[in-house]
Amino acid sequence: MREKSLLTVSVLKADVGSIVGHHITHPKELEVATQQLENARKQGLIVDFRVTHCGDDLDLIMTHRMGENNAEIHRLAWETFKEVTEKVSKPLKLYAAGQDLLVESFSGNVKGMGPGAAELEFEERTSDPLIILLADKTSPGAWNLPLYKIFADPFNTSGLVFDPNLHGGFIFEVYDLHEDASVKLKCPEELYDLLALIGDPNRYIIRKVYRYDGLPAAASTTTKLSIIAGRYVGKDDPACILRAQHGLPAVGEILEAFSFPHLVPGWMRGSHHGPLMPVSVNDSQNKCTRFDGPPRVVALGFQLCDGKLIGPADLFDDPAFEYTRAKANEIAEYIRRNGPFIPHRVGSAEMEYTTLKEVLDKLKNRFSK
Ligand code: F6R
Ligand code: MG
Ligand code: MG
């Protein structure tokens, strides 16, 4: 039985249309979504919420007492995305209106229906700092490297060495996208096993992280639209929920993992590797323009207060991340010069769409041994 007092943080996200091309959400989309969630808050379904965006993705951050994978919460998100599509995206002919809503009607859980969901249920601590990460133009495995650094690398998180509450390590739940199965690995003991899996973020994705004693620490989205739909339907820009401080990695240890703009798949046509750039949620940075990118991440910080979200603090809005942004742009410039060649282009199995089959068909009689 679930305890009624437990709090759940749910982040549900979808790309339901944007201006111009796959660039940025329209302010009216945020307005309509806010209205929907405000109604749900008044009715007591959710405790609190924030509506925000990362590039062209609409993100619903909600707190409630209904637990993870709750049908009513998922229905609320689904209907909100539908409402935004019908009231704003379609009438304004926004680009790719309703893109991530892959099915006609809701059937109990958004998983497998298009939108991404990250959810974490826990008992609110005396003071509970929360970080929500949102990314655009990349895919769920993008969190593998930073989550590894945050929860398993003492060169990133000094608390693993110095804080007695972190010293026992963390348990990583790794989800295998191909097999639809997951495994829990305890670190540092099974560090090499963990890396053997998560080094392939196209297949293995860190879905949850728990402290050694079971305390819930992080949750991420694992939706792969192309696997659901069996064809290219846009990129599954991921979200992640992390709790911080007091026996968990500090806010600065979580953010430190993003000081290295590691390479992630996504960017133009979901088919190019590029550096993940940490940016402010402010519109001057939070939009993908160069070659529809480069991929980027925003970090919103909240204090929880009896389920209410106090914040957000715009955590990458710091000159200290300018070096990382400059480095990301340098890497972007370098890798772009590789044009349509691997490793800028992702491997053939990871291409979101390709003309290769047509080209081979056309040339088949012209190949000679
Ligand atoms: C990547 C992305 C964009 C589009 C590109 C082509 O995740 O959303 O880079 O893939 O703009 O879009 P279409 O195929 O809609 O013309
Ligand atoms: Mg889009
Ligand atoms: Mg997007």
Side-chain angles (χ1 to χ4, degrees), residues 11-30 33 51-61 77 81 84-85 88-90 92-102 110 114-118 132-143 201-202 220-229 231-240 263-279 281 283 285-298 300 332 335-336 339-340 344-346 350-356 358:
V11 179
L12 285 100
K13 51 87 37 194
D15 177 346
V16 289
S18 48
I19 54 163
V20 44
H22 292 281
H23 183 212
I24 196 165
T25 52
H26 190 283
K28 272 241 165 283
E29 295 181 280
L30 304 189
V51 171
T52 187
H53 76 102
C54 184
D56 61 1
D57 293 287
L58 182 60
D59 296 282
L60 314 178
I61 302 169
F81 293 132
V84 171
T85 304
V88 187
S89 315
K90 284 185 179 169
L92 295 185
K93 294 178 76 173
L94 296 185
Y95 196 68
Q99 172 192 276
D100 286 357
L101 308 179
L102 300 183
V110 296
I132 310 286
L133 298 169
L134 307 167
D136 191 26
K137 302 297 183 273
T138 182
S139 56
W143 306 133
N202 292 319
S220 67
T221 52
T222 52
T223 314
K224 265 280 209 193
L225 292 175
S226 53
I227 289 181
I228 298 168
R231 63 188 155 86
Y232 175 72
V233 275
K235 209 65 193 169
D236 327 283
D237 305 309
C240 187
L263 291 172
V264 295
W267 208 346
M268 174 58 74
R269 300 180 190 280
S271 300
H272 295 81
H273 288 115
L276 187 67
M277 182 161 72
V279 297
V281 73
D283 281 350
Q285 295 184 8
N286 182 11
K287 53 188 177 187
C288 292
T289 49
R290 183 176 181 188
F291 199 54
D292 285 357
R296 63 202 60 207
V297 52
V298 302
L300 298 178
I335 201 159
R336 270 280 45 236
H344 183 23
R345 199 203 92 181
V346 298
E350 292 304 319
M351 293 287 287
E352 296 284 16
Y353 51 76
T354 174
T355 49
L356 187 61
E358 282 93 332

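We count ligands from 1, going down the list as the structure has it; atoms in each ligand are counted the same way.
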Problem set entry | Plane angle bin for His272 and Phe291 - parallel if under 30°, tilted between 30 and 60°, otherwise perpendicular | perpendicular
Problem set entry | Partner set under salt bridge (Lys or Arg N to Asp or Glu O under 4.0 Å) for Asp56, not counting sequence neighbours | Lys137
Seminar exercise, completed: The protein N, O or S atoms lying under 2.8 Å from the Mg ion (ligand 2) are Asp15 OD2, His22 ND1, Asp56 OD2
Problem set entry | Angle in degrees, rounded to 10°, that OD2 of Asp237 and OD1 of Asp136 form at the Mg ion (ligand 3) | 90°
Problem set entry | Per-residue contact class, Arg269 against ligand 1 - non-hydrogen pairs under 4.0 Å | both
Exercise. Is a donor on one side and an acceptor on the other found under 3.5 Å between the side chain of Asp15 and the backbone of Gly17?
Worked result: yes
Exercise. Would one find an N or O of Asp292, backbone or side chain, under 3.5 Å from an N or O of ligand 1?
Worked result: yes
Problem set entry | ligand 1 versus Trp267: contacting region, heavy-atom distance under 4.0 Å | backbone
Problem set entry | Side chain Trp143, main chain Thr221, donor-acceptor under 3.5 Å | no
For this session: Please could you name the atoms of ligand 1 that Gly270 approaches to less than 4.0 Å, counting only its heavy atoms?
Result: 1 (C)
Exercise. Rounded to the nearest 0.5 Å, how far apart are CG of Leu60 and NE2 of His53?
Worked result: 13.0 Å
Seminar exercise, completed: Distance col, row Trp267:CH2 vs Arg290:CZ, nearest 0.5 angstrom, shows 6.0 Å
Exercise. In Å, rounded to the nearest 0.5 Å, how long is the span from CD1 of Ile61 to CG of Leu134?
Worked result: 5.5 Å
